[in-house]
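This report concerns only the one structure given below.
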Amino acid sequence: MHISNKCSIAVHCLIFINEYGEDKKVTSELLSLSTGCNPVTIRNIVSAMKKDGIIEVKFGTGGATLAVPLQDISLYRICSAVDPKAIEKMIGIHSTPSPFCPVGRNIGSVLDRTYDILKEDIISSMKSVTMEKIVNDYHGILESNE
C-alpha cells in the first residue's frame, strides 16, 4: 500500500506555495524545478487543487497562492483532489479471481467487509493530518538542520 505520487507532489507544491507564494510568482515551471517533475504533471496537479478550491492561480500572469488556511487543507482533501481513486488504489481487490474456484468466487465479498473498515480508518487518519501540521514538521526539520 502506498499513497499516490500525485499526493506527495501536491503536498510538496503546497509547502512551496505556502513558503514563497506571497513574495514570488509561483509558477508550474518553478514548482517543476523544486519537485523534479515534468511541468505538465505539475500543471495537472495545480489545476486539480485549483478546481477543489485549495489554491488560487492568477489569470493570465499566473502565480499560485493558497485559497484557504493551512488548517483547512487535510491530506485526504489533497489526495482526493489530485487522485480521486487514491484510496481505491491503496486498498483494492485483484480483478480476475477464478469464478470456478469457491475461494475465487467469494473473495471479493469476503474482503469487501474488511477493506471497507480499513478504508474508513485511512480516510479518518488522512483527514486528521492537515497542511498546518505538515508545514510545522517542515519548519521543525529546517530548524534542526541549522
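- Taken from CD1 in I9 to OG in S32, the straight-line distance is 10.0 Å, to the nearest 0.5 Å.
- A pairwise comparison of heavy atoms in G92 and Y115 identifies O-CE2, 3.6 Å as the closest pair.
- Hydrophobic clustering keeps I91 apart from I117 (ILVMFWY residues linked when any side-chain heavy atoms are closer than 4.5 Å, directly or through intermediates).
- Residues Y20 and L142 fall within the same hydrophobic cluster, defined by Ile, Leu, Val, Met, Phe, Trp and Tyr side chains chained together at heavy-atom separations under 4.5 Å.
- The closest donor-acceptor contact from the side chain of T114 to the backbone of L111 lies at 3.5 Å or more, if one exists at all.
- Cluster annotation: V68 is connected to V57 through the hydrophobic network of ILVMFWY side chains, with a link wherever side-chain heavy atoms come within less than 4.5 Å.
- Contact detail for N106 and P102: the closest heavy-atom pair is ND2-O, 2.8 Å.
- In this structure, the side chains of V129 and S125 stay at 4.5 Å or more apart for every pair of heavy atoms.
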Report task. Decide side-chain contact (heavy atoms from CB on, under 4.5 Å) for I78 and M131; before the verdict, give the C-alpha distance in whole Å, the side-chain angles of both, and the deciding distance to 0.1 Å. Result -> CA-CA 9 Å; I78 297 164; M131 279 304 300; 3.7 Å; yes
Requested in this report: Could you walk me through whether R77 and M49 pass the side-chain contact (heavy atoms from CB on, under 4.5 Å) test, one step at a time?
Outcome: CA-CA 9 Å; R77 181 175 178 182; M49 290 193 293; over 6 Å; no
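- The distance from the CD1 atom of I17 to the OG1 atom of T65 is 8.0 Å, given to the nearest 0.5 Å.
- Remark: K119 NZ is packed, more than 12 non-hydrogen atoms of other residues, nucleotides or ligands lying under 6.0 Å away.
- Annotation: side chain of L30 is not in contact with side chain of K25 (no heavy-atom distance under 4.5 Å).
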Query raised in the report: Checking side-chain contact (heavy atoms from CB on, under 4.5 Å) for the pair L31/V26: CA distance, chi angles, key distance, verdict?
Result: CA-CA 7 Å; L31 291 169; V26 178; 3.7 Å; yes
Report task. Apply the test side-chain contact (heavy atoms from CB on, under 4.5 Å) to residues I15 and V135: give CA-CA distance (whole Å), side-chain angles for both, the deciding distance (0.1 Å), then the verdict. Result -> CA-CA 6 Å; I15 293 171; V135 167; 4.3 Å; yes
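- Side chain of N18 to backbone of L14: no donor-acceptor contact under 3.5 angstrom is found.
- Under a hydrophobic-cluster definition in which Ile, Leu, Val, Met, Phe, Trp and Tyr are linked whenever side-chain heavy atoms come within less than 4.5 Å, directly or via other members, L33 and I42 are assigned to different clusters.
- Looking at V103 and P97, their side chains never come closer than 4.5 Å, going by heavy atoms from C-beta outward.
- Linking ILVMFWY residues whenever their side-chain heavy atoms come closer than 4.5 Å, directly or via other members, leaves I93 and V110 in distinct clusters.
- Shown here are the salt bridge (Lys or Arg N to Asp or Glu O under 4.0 Å) partners of E56, two or more places apart in sequence or in another chain: there are none.
- Side chain of D83 to main chain of C79: no donor-acceptor pair is present (N/O by atom type, distance under 3.5 Å, no hydrogens or angles).
- The nearest pair of heavy atoms linking D52 to A81 is CB-CB, 3.8 Å.
- Side-chain N or O atoms of S124 include none that pairs as donor or acceptor with a backbone N or O of E120 at under 3.5 Å.
- Counting heavy atoms from C-beta on, the side chains of H12 and C37 never come closer than 4.5 Å.
- Atom CD1 of I45 and atom CD1 of I54 lie 11.5 Å apart (nearest 0.5 Å).
- In this view, D116 satisfies the salt bridge (Lys or Arg N to Asp or Glu O under 4.0 Å) rule with no residue, not counting sequence neighbours.
- Looking at H139 and E19, their side chains come closer than 4.5 Å, going by heavy atoms from C-beta outward.
- Rounding to the nearest 0.5 Å gives a distance of 5.0 Å between CG of L75 and CD1 of I134.
- Residues P39 and S28 come closest through the heavy atom pair O-CB, 4.2 Å.
- Atom CD1 in I73 sits 15.5 Å away from atom NZ in K133 (nearest 0.5 Å).
- Of all non-hydrogen atoms in V82 and A10, the two that sit nearest each other are CG1-CB, 3.9 Å.
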